[in-house]
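The next block holds one structure in the form of structure tokens; read it before the comments.
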Amino acid sequence: MPGGDAREAAKSVAGTFEGPESGMPFLVELPARGPGADMIGRTAGMLAELYARVEPSGWRLGDRPGRDTKRARSWLGEDVDALEEFTQGYEGPLKVQAVGPWTLAAALELRNGEVALSDPGACRDLAGSLAEGLREHLADVRRRVPGAEVVLQLDEPSLIGVLRGQVRSASGYRTHRAVDRQVAEATLRDVIGVQEGSPVVVHSCAPDVPFALLRRAGAAAVSFDFALLTERDDDAIGEAVEGGTRLLAGVVPGTDGPLSDPAGSVMGVRTLWRRLGLSPGLLTDAVTLTPSCGLAGASPEYARRALAHCVRAARSLADNPE
């Protein structure tokens, strides 16, 4: 979300999603506050027994918690405090999110300046630390909002680049070797396992989302930018839906611009459904409507309108699935 006021953002989200029938409230992220509130820094602050600091080139792992780790943890604490304040008595799904193990490995640097992705042992350690940190974070949210069914979202925008060997080295002259798909899947499965039966969403706003791999790794839902789908994705999406995987379809732009009428926003979803030959009755159980990616680059006013538009578009889809 845009802005830097945790209470204001949490109040806005709570006002949009006043009950489970109107959508899924979430723990806000406010990257405009600076390093430590950004996507990578926030998750680095959650790590167990691993610490990171800001260098000119980005976030780098170090030996002990410093100012940057403390700042990241402080902001996360502020956000959870605000969430607790505005979800008193709430019962239903509640989403929290963190960067997934492969995007984290493609972003966090080791002492030599190369990203953790360059070292398989470092990738394993990072995934283990992330899993342990997430267990603590999820337990804290459950204590604070006891009526919530906590849904974990893992953000993996770099996953495709990791699988295809497209992540550049520190020099920029070469790329790191592609990670074996079975290794990538097993690591994701281990991190997804921290939810112990509660749902996990994996989000990627990149083209060619690996739906089948994410399903096998245990993702209950896949979140993606609907505008990036092509007909090449049809088979994978059809198999995912028939296998019980929920789709979080990003149909509302994440930055300021005109919004179509709610029915127009879901026209593409209905077209996809017809193309796949799926039952219209499945739509409301299989699809959740979302912004295409994060709203941090939007104005606060547009962010509020975009969330409310998602709610209206979902009602339009439920009322007229065909």
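- In this structure, the separation between CD1 on I237 and CG on D233 is 5.0 Å, given to the nearest 0.5 Å.
- Heavy-atom minimum distance, A298 versus G254: CB-O, 3.5 Å.
- With rounding to the nearest 0.5 Å, the separation of CH2 in W59 from OG1 in T43 is 10.5 Å.
- One finds the CD atom of E114 at 6.5 Å from the OG atom of S171 (value rounded to the nearest 0.5 Å).
- A 4.5 Å side-chain heavy-atom check between L213 and L163 finds at least one atom pair inside the cut-off.
- The existence of a salt bridge linking E239 and R216 is excluded, since no basic side-chain nitrogen approaches an acidic carboxylate oxygen closer than 4.0 Å.
- To the nearest 0.5 Å, the span separating CZ on R73 from CG on L47 amounts to 8.0 Å.
- Here the side chain of T69 pairs a donor or acceptor atom with the backbone of A52 at under 3.5 angstrom.
- By the 4.0 Å N-to-carboxylate-O rule, D81 lies close enough to R144 to be salt-bridged with it.
- Taken together through direct or relayed side-chain contacts under 4.5 Å among Ile, Leu, Val, Met, Phe, Trp and Tyr, L27 and F86 form parts of separate hydrophobic clusters.
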### Query
So D140 and V80, side chain to side chain contact (heavy atoms under 4.5 Å, CB included) or not? Walk me through it.
CA-CA 9 Å; D140 183 38; V80 178; 3.8 Å; yes

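- A distance-only check finds a donor-acceptor pair linking the side chain of T271 to the backbone of M267 [under 3.5 Å].
- Residues L83 and F26 have side chains not in contact (no heavy-atom distance under 4.5 Å, counting atoms from C-beta outward).
- Annotation: the span from L283 atom CG to L278 atom CG amounts to 8.0 Å, rounded to 0.5 Å.
- E29 places no side-chain N or O within 3.5 Å of a backbone atom of D38 that could act as its donor or acceptor partner.
- Under the 3.5 Å distance criterion, the side-chain polar atoms of R53 are left unmatched by any main-chain donor or acceptor of R60.
- More than 12 heavy-atom neighbours from other residues, nucleotides or ligands sit within 6.0 angstrom of CZ on R189.
- Using a 4.0 Å cut-off between charged nitrogen and carboxylate oxygen, E185 and R181 do not count as a salt-bridge pair.
- Within the 4.5 Å cutoff, no side-chain heavy atoms of K11 are placed close to those of R7.
- No side-chain donor-acceptor contact under 3.5 Å links Q166 to the backbone of V162.
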### Query
Would H203 and L248 count as a side chain to side chain contact (heavy atoms under 4.5 Å, CB included) if you check the C-alpha gap in whole Å, the side-chain angles of each, and the deciding distance to 0.1 Å?
CA-CA 8 Å; H203 169 74; L248 272 64; over 6 Å; no

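- Proximity of T103 to D155: side-chain heavy atoms (C-beta onward) are nowhere separated by under 4.5 Å.
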### Task
Could you walk me through whether V202 and I192 pass side chain to side chain contact (heavy atoms under 4.5 Å, CB included), step by step?
CA-CA 9 Å; V202 179; I192 286 171; 4.3 Å; yes

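- A pairwise comparison of heavy atoms in C123 and A105 identifies SG-CB, 4.0 Å as the closest pair.
- Closest approach of P101 to A127, counting heavy atoms only: CB-CB, 4.2 Å.
- More than 12 heavy atoms of other shown residues, nucleotides or ligands fall within 6.0 angstrom of atom CD in Q88.
- Both V311 and V13 belong to a common hydrophobic cluster when Ile, Leu, Val, Met, Phe, Trp and Tyr are linked at side-chain heavy-atom distances under 4.5 angstrom.
- No hydrogens or angles considered: a donor-acceptor pair under 3.5 Å links the side chains of S57 and E109.
- In the hydrophobic clustering of ILVMFWY residues, with side-chain heavy atoms under 4.5 Å counting as a link, L229 and I160 come out apart.
- Using a 4.5 Å heavy-atom cutoff, the side chains of L130 and L134 are in contact.
- Formation of a donor-acceptor pair under 3.5 Å by the S158 side chain with backbone atoms of G161 is not found in this model.
- The nearest pair of heavy atoms linking P199 to A220 is CB-CB, 4.0 Å.
- Closest approach of P2 and L30 over heavy atoms only: O-CD2, 3.5 Å.
- Contact between M39 and P157 at its shortest, heavy atoms only, is CE-CG, 4.0 Å.
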### Message
Between Q97 and S223, is the side chain to side chain contact (heavy atoms under 4.5 Å, CB included) condition met? List the steps.
### Response
CA-CA 12 Å; Q97 64 196 76; S223 169; over 6 Å; no

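- L259 and F226 fall within the same hydrophobic cluster, where Ile, Leu, Val, Met, Phe, Trp and Tyr residues are linked whenever their side-chain heavy atoms come under 4.5 Å apart, directly or through other members.
- Between the side chain of D190 and the main chain of T187, no donor-acceptor pair closer than 3.5 Å is present.
- Note that the CZ atom of R168 and the NE2 atom of H176 stand 10.5 Å from one another [nearest 0.5 Å].
- When the shell of 6.0 Å around CZ of R174 is examined, it contains more than 12 heavy atoms from other residues, nucleotides or ligands.
- Summarising the local packing, CD of E301 is surrounded by more than 12 heavy atoms from other residues, nucleotides or ligands at distances under 6.0 Å.
- A donor-acceptor pair is defined here as one N or O able to donate and one able to accept, closer than 3.5 Å; such a pair exists between the side chain of R270 and the backbone of N320.
- Side chains of T245 and F211 form no contact here, defined as non-hydrogen atoms less than 4.5 Å apart.
- Between the side chain of S316 and the backbone N or O of R312, no donor-acceptor pair lies under 3.5 Å.
- With a 4.5 Å cut-off on side-chain heavy atoms, L289 and S265 do not count as touching.
- The number of heavy atoms from other shown groups lying within 6.0 Å of CZ (R67) does not exceed 12.
- Residues W75 and I40 do not share a hydrophobic cluster, defined by chaining ILVMFWY side chains whose heavy atoms lie under 4.5 Å apart.
- Among the candidates V28, L307, T255, D256, the single residue satisfying the side chain to side chain contact (heavy atoms under 4.5 Å, CB included) test with L295 is L307.
- Checking side-chain atoms of S129 against main-chain N and O of A48 turns up a donor-acceptor pair under 3.5 Å.
- The existence of a salt bridge linking R135 and E132 is confirmed by a sub-4.0 Å separation between a basic side-chain nitrogen and an acidic carboxylate oxygen.
- The closest side-chain heavy-atom distance from D79 to R42 is below 4.5 Å.
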